[in-house]
Amino acid sequence: MTGNTTARFGLTPGAKRLLSRYSVFIAVCLGALICVILSFTSHQAWLIGFCVLFPLVLLGVFDIIQPNHSLLRNYPVIGSMRWLFEAIRPYLRQYLMEDDLSEKPYNRDDRSLVYARSKNEEDRQPFGTELDTYAAEYEWMTHSLAPTPVSREPFRVTVGGPACTRPYSASVLNVSAMSFGSLGGNAIEALNLGAKRGGFYHDTGEGSLSKYHRIHGGDVVWEIASGYFGCRNPDGTFSAERFRERAADDQVKMIEVKLSQGAKPGHGGMLPGAKVTPEIAEARGIPVGRDCISPARHSAFSTPVEMMEFVGRLRELSGGKPVGLKLCVGHPTEVFAMAKAMLKTGIRPDFIVVDGSEGGTGAAPHELADHVGMPLREGLIIVRNALVGTGLRPEVRLAASGKVTSGFSMAANMAIGADWCNAARAFMFSLGCVMSMRCHTGQCPTGVTTSDPHLQRGLVVAEKAERVQNFQHHTVAALAELVAAAGLTHPSELLPHHIWHRVSPIEVKALDRIYPFLPAEILLAAPDETHYAADWAAADPDSFSPRHVVGPRRAA
């Protein structure tokens, strides 16, 4: 037979292709028709089949006539299965397909540890580690043959330099910045109640202090970002008077000026007016129903020197409370410019929180989330070296934020310079988050990252607050066991040589042999002897722009 003649059953190739594309739709239509006929001629129970199939008939008709999706027009009914499988793909992958160590951004092993500790369940594992100890990137902590007794007292860190009159004693593990609005009211309330019971702090995020932060009175670190929410004038600029009023609240223990965040460093944002509810408007000090802009940069200062002056001003307006900075490290020259500004002005922030680019609870553009900003370890080392190399480290505390889920992740951060750690997503897991990856849609199935009252109803504050407290308590206890195993008494004694890293299947190195760790004041005495000589020379305390190009110039 020729290509234009019948091939089988007298159908042309074009008719066969059409039949194959519409076969499911045709079968559904025939099934519905047969069910109707049989309900009249046989038994009315066939109407149940019709009730099941008729909506699929309507779906198929809609698929054929709608103009937006060619896949549905060409494959009615069956084409919709693609969207169904896309919707359930995260769950199938999470529960059926992937092993305990492969899932991203948090594998099942990490999440199971958080779940177990938050529920006071068994967190010990039998039969040895599941990790490949000979794979590149495997890390471990060295131990002592003469371990010390495990500390039964929670580790604390005093925050507040010489200019601070109201220092704060912080826990070594706290709730990182997550705003009301990004998280629902029940989630904020549960986090704060857990922090109150456990004796650790709760960072407000840039959305400012809401009524849900106030209900239980847990310690709060008030984060102030470029939108100056809670302390802004109608035009969006900083209001000293409003800041003074809110900072006087005894619940506010420290002030944190956010320069950038790990999820989307160097990027602003906008909360659409439709999402600016009366509660969010009250917390942020903005009009109800109007678009809320978060600029990419601050308007209260434009140079490193002005930034330090702003820090000093906030400390004075707050009545002497600790004031710090939070940033995801970008250009190294800017970190050194900040250090030079501290030296020039004599003003030091009481603390600096380094946010890793692997962190982030908020939605972000793909390119920024994946390829902008420095990972936590490298960023923390640069900030540590800037402070140590200039002799400023004794006056400025350092905190690390980014994928902290266990005592070891805390110990590793502390070994390279952190005084304490903050965690965001780990505390979300303790609230019941199942990593459905719908945080930005408002449809979080566990009621954590949604303002939908029906979804929030699933998050019972008292129950989840206990889990928040449990997770923090057990994780800090695990850190205490690691510190004791190393023969130490406090995590501040951890050093880079306590953490070893496998760089290849046949080579391992301690962290102090992989990364540069500067000795005290070397950037002042002999900067040319350091890895940062070019960045240090280019850093300008009076500008965030470098004095000159660092490295090779671009060809003309």
Side-chain angles (χ1 to χ4, degrees), residues 158-170 174 176-177 179 201-210 213 219-233 235-261 283-285 294-295 297-327 334-335 337-355 383 387 392 395-399 401 422 541-542 544:
T158 301
V159 188
C164 177
T165 59
R166 299 176 66 181
Y168 174 65
S169 178
N174 305 280
S176 194
S179 300
Y201 76 66
H202 178 194
D203 194 311
T204 66
E206 68 177 283
S208 191
L209 194 63
S210 72
H213 292 93
D219 290 353
V220 159
V221 170
W222 179 15
E223 183 179 276
I224 297 174
S226 54
Y228 306 110
F229 300 127
C231 57
R232 60 188 265 144
N233 293 312
D235 62 356
T237 56
F238 174 72
S239 169
E241 188 56 38
R242 293 183 180 180
F243 173 82
R244 189 200 306 270
E245 292 174 1
R246 184 157 288 190
D249 191 325
D250 287 338
Q251 195 178 344
V252 176
K253 303 301 182 182
M254 300 196 293
I255 313 298
E256 179 181 278
V257 180
K258 190 194 90 170
L259 307 176
S260 59
Q261 66 184 91
R284 299 193 178 198
S294 295
R297 61 185 296 171
H298 281 261
S299 61
F301 54 84
S302 57
T303 69
V305 163
E306 290 178 0
M307 180 199 296
M308 296 308 148
E309 292 171 345
F310 185 63
V311 166
R313 187 183 180 197
L314 295 183
R315 189 185 290 123
E316 179 183 353
L317 290 170
S318 68
K321 294 181 179 181
V323 177
L325 304 171
K326 171 188 169 182
L327 76 158
E334 295 178 346
V335 175
M338 289 164 54
K340 286 184 175 181
M342 296 179 208
L343 296 171
K344 182 174 182 178
T345 62
I347 302 172
R348 287 79 156 115
D350 295 293
F351 64 94
I352 297 176
V353 177
V354 180
D355 204 17
V383 175
L387 295 175
L392 294 167
E395 300 178 56
V396 183
R397 294 295 192 184
L398 264 181
S401 176
N422 292 339
D542 295 307
F544 284 110

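The structure presented is a predicted model; accordingly, all values stated were derived computationally and were not measured.
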### Message
Using a 3.5 Å distance criterion without hydrogens, assess whether the side chain of S401 forms a donor-acceptor pair with backbone atoms of D355.
### Response
no
### salt bridge (charged side-chain N to carboxylate O under 4.0 Å, His left out) evaluation trace for K344 with D542
CA-CA 10 Å; K344 182 174 182 178; D542 295 307; 2.7 Å; yes
### Candidate pair L325 and E256, rule side-chain contact (heavy atoms from CB on, under 4.5 Å), full reasoning
CA-CA 5 Å; L325 304 171; E256 179 181 278; over 6 Å; no
### Message
Checking the side chain of R348 only, and the main-chain atoms of M342 only, is there a donor and an acceptor separated by less than 3.5 Å?
### Response
yes
### Query
Rounded to the nearest 0.5 Å, how far apart are CG of L387 and CD of E395?
10.0 Å
### Query
Quick one: are M254 and V323 in side-chain contact, heavy atoms under 4.5 Å?
no
### Query
Any donor and acceptor pair, going by atom type alone, linking the side chain of R246 with main-chain N or O of C231 inside 3.5 Å?
no
### Query
Can you find a pair of side-chain heavy atoms, one from S179 and one from F229, that are under 4.5 Å apart?
no
### Query
Judged by atom type as modelled, is there a donor-acceptor pair below 3.5 Å linking the side chain of D350 to the main-chain atoms of G324?
no
### Task
To the nearest 0.5 angstrom, please state how far the CZ atom of F310 sits from the OG1 atom of T303.
13.0 Å
### Task
Show the numbers, then the answer: is there a side-chain contact (heavy atoms from CB on, under 4.5 Å) between L209 and D249?
CA-CA 10 Å; L209 194 63; D249 191 325; 4.2 Å; yes
### Task
State whether the side chain of K258 and the backbone N or O of E206 hold a donor-acceptor pair below 3.5 Å, judged by distance alone.
no
#### Entry: Reported CE-to-CG distance for the pair M338 and L343, which is rounded to 0.5 angstrom
12.0 Å
### Task
Report the C-alpha distance between V383 and L398 in whole Å, list the side-chain angles of each, state the deciding distance to 0.1 Å, and finish with yes or no for side-chain contact (heavy atoms from CB on, under 4.5 Å).
CA-CA 9 Å; V383 175; L398 264 181; 3.6 Å; yes
### Query
Do you know the tightest heavy-atom contact between T158 and P167?
CG2-CB, 4.2 Å
### Task
Give a yes or no on whether the ring-centroid distance for W222 and Y201 is below 6.0 angstrom.
no
### Task
Determine, stepwise, if the pair H202 / D219 fulfils side-chain contact (heavy atoms from CB on, under 4.5 Å).
CA-CA 6 Å; H202 178 194; D219 290 353; over 6 Å; no
### Verdict with reasoning, H298 to F238, per ring-ring contact (aromatic ring centres under 6.0 Å, His included)
CA-CA 9 Å; H298 281 261; F238 174 72; 9.5 Å; no
### Summary
Nearest heavy-atom approach of A240 to L317 is CB-CD1, 3.9 Å
### Query
Taking R315 for the side chain and C164 for the main chain, is one N or O donor matched with an acceptor at less than 3.5 Å?
no
### Query
Measuring from S226:OG to L259:CG, what's the distance to the nearest 0.5 Å?
9.5 Å
#### Entry: Intermediate values then yes/no, salt bridge (charged side-chain N to carboxylate O under 4.0 Å, His left out), D203 and K326
CA-CA 11 Å; D203 194 311; K326 171 188 169 182; 5.9 Å; no
### Query
Between Q251 and H213, is there a donor-acceptor pair closer than 3.5 Å when you use the side chain of the first and the backbone of the second?
yes
## Note on the structure
Heavy-atom closest pair (L314 atom, F243 atom, distance to 0.1 Å) is O-CE2, 3.5 Å
### Message
Working to the nearest 0.5 angstrom, can you tell me the gap between S239 OG and E245 CD?
### Response
7.5 Å
#### Entry: Close side-chain approach of V252 to K321, heavy-atom, < 4.5 Å
yes
### Query
Got a donor-acceptor contact below 3.5 angstrom from the N233 side chain to the D235 backbone?
no
### Query
OG1/T345 to CD/E309 distance, rounded to the nearest 0.5 angstrom?
7.0 Å
### Query
Taking all atoms of both residues into account, what is the closest heavy-atom pair of P322 and V159, and its distance?
CG-O, 3.5 Å
### Message
Using only atom types and a distance under 3.5 Å, with no angle test, would you say the side chain of Y228 pairs donor to acceptor with the backbone of S299?
### Response
yes
### Message
For a quick test of reading the model, state the closest non-hydrogen atom pair linking P349 to V396 and the distance between them.
### Response
O-CG2, 3.4 Å
